[in-house]
2 protein chains.
Amino acid sequence: MKMKVKIKNKKEVSPERLSKRIKISPKNRNGLERLLKCQAKRGLKYSKKRAAIIEYFIKADRHYTVEQLYNEIKEIVPNIGYSTIYRTLRLLVDCGMARTHHFGETDTRFELVHKEQHHDHLVCEKCGRIIEFTNNGIEKFQNAVAKEHNFLVKNRELQIFGVCKRCQQRKR
Amino acid sequence: MKMKVKIKNKKEVSPERLSKRIKISPKNRNGLERLLKCQAKRGLKYSKKRAAIIEYFIKADRHYTVEQLYNEIKEIVPNIGYSTIYRTLRLLVDCGMARTHHFGETDTRFELVHKEQHHDHLVCEKCGRIIEFTNNGIEKFQNAVAKEHNFLVKNRELQIFGVCKRCQQRKR
DNA sequence: ATTAATAATGAAAATGAAAGTCAAGATCAA
DNA sequence: TTGATCTTGACTTTCATTTTCATTATTAAT
Ligand SMILES: [Mn+2]
Ligand SMILES: [Mn+2]
Ligand SMILES: [Zn+2]
Ligand SMILES: [Zn+2]
């Protein structure tokens, strides 16, 4: 006879359990655990729709506007509401699993936080393409500037706006 | 008897003439001329209120939200409307005399373009202070990155968010 | 100075992204 | 299965910004 195991301080769904529901690659594991901690701390329950959004967002791994994500998600989860997308993305940001950007547009863009290093963006003004890059030289000089001003750095954001290679070629 | 001089292709108010109305320091002269060209091209007329806003904005030389500028301008020009501030700032941006920033707030900030060199900002998250800096090392590496990607740079924006010296001291 | 053409203005309405509300449905520990 | 609590979508609200429009100001030609 199988005994029912009683777990005392649960509230916290195990990563294994949620992983069965949210299919996720190993590299996003730490992000997922962060999310679970966050959910637990807030007493949030599991939800299919939220899980679907998160799973999709993680797999796609792009710089999404709410509108874009909404349009893609609704193909998978019909009846999904705009609010749920907004709420879920806000949750991810609060948990540190996502971050926001403003690439010169009105809409906020959301991107998954899973890369080890800080990275910045080249933003093509013609086609909207976003190219990520990391540059230690830039980082170093940024830190030097901060130190000069006795400024305690919490975060930084660098965007280089212009025309991508492809769009330059297409022009002529 | 004084002859009336007829100017053929006017439409374009001379900088001298507008300068008499908009009191401006020499260093903002090129900006002013750009504005006049811009006004002329669009067939805009002179306006006291617009001139007052521009003059104030140039003299104050800060990173303004529309609300801030509105509140300060209305002391000088009562009855001024919000729309006029919005419209004038938009004009300045279109003429290349002002540029916008988003320092992690909802409101857009406007700043005068008159400095020779591109500059970036340290933004204090505690007190809102904005510290400008220029760093050639950063610029150099940014250009290197762009070149690597065959990216044609039009503009760039770097913000370093954190806590300024003063706010760090105040904390303890 | 008068005039006619047209730009500028402020008040109010419209827009659009983002957040809040709430009744009905979903989740979960017991 | 139940009761407590969370989640959801439709709707409303908020707030920055833009647009509209009737009135006023500017300009160049008389
Ligand atoms: Mn990115
Ligand atoms: Mn500045
Ligand atoms: Zn492109
Ligand atoms: Zn400060």
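Here is the naming used below: chain letters follow the sequence lines, and residue numbers restart at 1 for every chain.
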Inset, instruction - Could you name each residue pair satisfying ring pair (Phe, Tyr, Trp, His ring centres under 6.0 Å) that touches residues 122-147 of chain A, not counting sequence neighbours? - result: Phe141(A)-Phe141(B)

Inset, instruction - Look at the side chain of Thr108(B) against the base of dA16(D) and say whether a donor-acceptor pair falls under 3.5 Å; ignore hydrogens and angles. - result: no

Inset, instruction - Verify the contact: side-chain N or O of Ser83(A) to OP1 or OP2 of dA19(C), cut-off strictly under 4.0 Å; return yes or no. - result: no

Inset, instruction - Indicate, yes or no, whether a donor-acceptor pair under 3.5 Å links the base of dT6(C) to the side chain of Lys45(B). - result: yes

Inset, instruction - Please state whether the phosphate of dT18(D), meaning OP1 or OP2, lies under 4.0 angstrom from any side-chain nitrogen or oxygen of Tyr86(B). - result: no

Inset, instruction - Give one of base, sugar-phosphate or nothing for Arg90(A), where a contact means two heavy atoms less than 4.0 Å apart. - result: sugar-phosphate

Legend entry - Student check: side-chain heavy atoms of Ile76(B) and Tyr56(B) closer than 4.5 Å: yes

Legend entry - Residue Leu44(B), side-chain heavy atoms: nucleotide from dT9(C), dA7(C), dT8(D) that is nearest: dA7(C)

Inset, instruction - Give a yes/no on whether any side-chain N or O of Arg109(B) is located under 4.0 angstrom from OP1 or OP2 of dA16(D). - result: no

Inset, instruction - State whether Thr106(B) places a side-chain N or O below 4.0 Å from either non-bridging phosphate oxygen (OP1 or OP2) of dA18(C). - result: no

Legend entry - Spacing of Lys41(A) atom NZ relative to dC6(D) atom C1', expressed in whole Å: 18 Å

Inset, instruction - Would you indicate which nucleotide in dT17(D), dT8(D), dA8(C) comes nearest to any side-chain atom of Arg50(A)? - result: dT8(D)

